[in-house]
J.: 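Shown below is the structure under consideration.
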Protein chains: 2
Amino acid sequence: MAGKREKKSYVTTEEKIKAAARKVFMQKGYGASRTRDIAEEAGINLALLNYYFRSKEKLFHEIMMERVQHLFGAVAPIINDPSLSLESKMEKLASAYIDMLLENPDLPMFVLNELRKQPDLFKSQMNIEQLLKNSSFIKQLREKRSDVEPAQYLMNIMGLMLFPFLAKPVLLATGLAGEKNFGTLMNQRRQLIPKWIKAILQTK
Amino acid sequence: MAGKREKKSYVTTEEKIKAAARKVFMQKGYGASRTRDIAEEAGINLALLNYYFRSKEKLFHEIMMERVQHLFGAVAPIINDPSLSLESKMEKLASAYIDMLLENPDLPMFVLNELRKQPDLFKSQMNIEQLLKNSSFIKQLREKRSDVEPAQYLMNIMGLMLFPFLAKPVLLATGLAGEKNFGTLMNQRRQLIPKWIKAILQTK
DNA sequence: TTTTGATTTAATCAAATGATTAAAACAAAA
DNA sequence: TTTTGTTTTAATCATTTGATTAAATCAAAA
């Protein structure tokens with residue numbers, strides 16, 4: 001994108017813009033974000049933003065793809081590794097996810113919300129459909145519980161990890177968690193969630 | 001608000017505007033909603049919208065309060081009823097919630113997302129803080145598991161119910177659920193979630 | 001040093017947007 | 001029928017917003 005001259009600074013202008021866009025888009029969502037705010041946040045001129053990225057929409061699209069990847073990227077390798085038992089898969093998932101989410105607390109809300117408004121943004125990404133249905137994870141779930149749809153357990157695992165971050169503002173507002181406390185609670189969940197899921201898989 | 005003359009139609013203009021606002025705000029969020037879109041959706045003139053509600057913000061505030069109430073209103077009575085056992089509380093919660101959510105699938109995403117952008121909108125609502133901490137539900141949880149914070153279980157219950165609706169676009173896009181299938185899965189969860197929670201409460 | 005092409009800026013546009021105003025339409029009361 | 005106060009509309013404003021243009025700056029290559 002844009003010219004190919006040498007970069008003078010270690011932080012290219014393009015990366016400055018993307019960082020600013022990431023921040024503003026994540027904070028306000030696509031519709032409520034103003035290109036001027038992004039430019040100001042990046043410390044550059046508005047025209048420059050349109051010079052690097054042709055439009056607000058194109059810029060958003062790049063950020064969105066990147067964010068989706070960041071949110072779901074860790075899942076595929078774990079879910080598809082046939083050398084891992086069902087239990088170790090869940091331990092790895094919980095651990096990797098909680099770490100990442102503690103550093104990107106409002107990533108899930110951003111991605112899920114924008115995805116709701118423009119569902120097409122996901123389909124292009126890849127064909128997760130096949131990747132999922134043939135995954136070793138789904139097979140292991142079917143073996144263990146042929147009576148319940150694997151999708152149910154997938155929702156449970158993801159929900160137990162993601163929901164606290166989606167509901168964070170409510171947790172804080174209701175005093176169920178303080179800002180400091182929240183981190184502690186999440187760290188506890190790192191070990192708790194795998195145990196809970198095991199228990200869930202053995203019900204009845 | 002506005003004049004006090006007789007209402008001619010069974011659907012007042014005010015209610016038409018609120019219905020339209022509800023629809024548009026829920027679909028696009030506050031920042032991306034245009035007052036003109038709301039007016040058009042309501043089949044009225046833009047000026048009329050400002051005549052009934054003084055501003056976009058005031059209109060939004062009314063809708064938002066109403067939606068928060070709708071999302072969390074059912075919880076308090078159940079959680080606070082000392083005559084219900086922990087188990088029946090969870091059965092009631094799951095049942096009431098899943099019904100409501102199937103009729104308002106994107107209510108949770110709307111409320112949680114707007115709440116994230118303007119956390120103050122919640123504090124005014126009431127003092128859930130006291131209401132929760134003194135609730136019979138929290139006491140029962142402490143009795144059963146003094147080793148784990150009650151907040152953890154609250155997150156679990158709410159998460160198991162709400163998460164599938166928050167992630168619905170992803171579920172549809174990945175083929176994990178079809179639009180028809182989704183309803184079936186949720187209805188299954190009505191019975192499954194209480195069982196799962198019981199299992200979770202007995203771990204270790 | 002001069003030239004060349006990338007980078008950046010100030011100024012400006014057209015469209016969109018929240019809001020107001022002044023007047024018209026209307027329905028009930030007198 | 002006339003009057004009164006509410007409801008609704010068309011027209012208009014001032015800002016905001018995404019985008020473009022033409023010119024200035026700058027750093028490397030010749």
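Residue numbering restarts at 1 for every chain, and letters A, B, ... go by the order of the sequence lines.
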J.: Which residue pairs satisfy the side chain to side chain donor-acceptor pair (under 3.5 Å) criterion with at least one member in residues 32-46 of chain A, sequence neighbours excluded?
T.: A:K23-A:E41
J.: Under 3.5 Å, sequence neighbours excluded: what are the donor-acceptor pairs made by side chains of residues 101-112 of chain A?
T.:
residue, atom, partner, partner atom, Å
A:N104, ND2, A:M100, O, 2.9

J.: Taking all atoms of both residues into account, what is the closest heavy-atom pair of A:E114 and A:G29, and its distance?
T.: OE2-CA, 3.2 Å
J.: Partners of A:R67 by salt bridge (Lys or Arg N to Asp or Glu O under 4.0 Å), sequence neighbours excluded?
T.: none
J.: Below 4.0 angstrom from OP1 or OP2 of C:dT17, is there any side-chain N or O of B:T35?
T.: no
J.: Measuring from the side chain of A:L48 (C-beta onward, heavy atoms only), which nucleotide among C:dT8, D:dT7, C:dG18 has the closest atom?
T.: C:dT8
J.: Whole angstroms only, please: what is the CG-P distance between B:N45 and C:dA25?
T.: 14 Å
J.: With a distance cut-off below 6.0 Å to the six-membered ring centre and an angular limit of 45° from the axis, does A:K56 pair with A:Y30 as a cation-pi contact?
T.: yes
J.: Check nucleotides 12-14 of chain C against the protein and report each pair of N or O atoms closer than 3.5 Å, with its distance, or say if there are none.
T.:
none

J.: For A:N50 and C:dT8, give me the distance from atom CG to atom C1', rounded to whole Å.
T.: 13 Å
J.: Nearest whole Å is fine: how far is D:dG18 C1' from A:R34 CZ?
T.: 10 Å
J.: Provide, to the nearest angstrom, the distance between the CD1 atom belonging to A:I17 and the C1' atom belonging to C:dT7.
T.: 11 Å
J.: Tell me which pairs pass salt bridge (Lys or Arg N to Asp or Glu O under 4.0 Å) where either residue lies in residues 169-196 of chain A, with sequence neighbours left out.
T.: A:D99-A:R190, A:K168-A:E179
J.: Please state how far atom CZ in B:F53 lies from atom P in C:dG18, giving the value in whole angstrom units.
T.: 16 Å
J.: I want to verify a distance call: between C:dT9, C:dT20, D:dT8, whose nearest atom is closest to the A:A47 side chain?
T.: C:dT9
J.: In whole angstrom, what separates B:L49's CG from D:dT7's P?
T.: 15 Å
J.: Between B:T13 and D:dT7, does any side-chain N or O lie under 4.0 Å from OP1 or OP2?
T.: no
J.: Mind calculating the distance between OH (B:Y51) and P (C:dA22) to the nearest angstrom?
T.: 16 Å
J.: According to side chain to side chain donor-acceptor pair (under 3.5 Å), does anything in residues 133-144 of chain A pair up with another residue at least two apart or in another chain? List the pairs.
T.: A:K89-A:S136, A:K89-A:Q140
J.: Ignoring the backbone of B:I44, work out which of C:dG18, C:dT7, D:dT9 is nearest its side chain.
T.: D:dT9
J.: What is the distance from NZ of B:K56 to C1' of C:dA16, rounded to the nearest Å?
T.: 12 Å
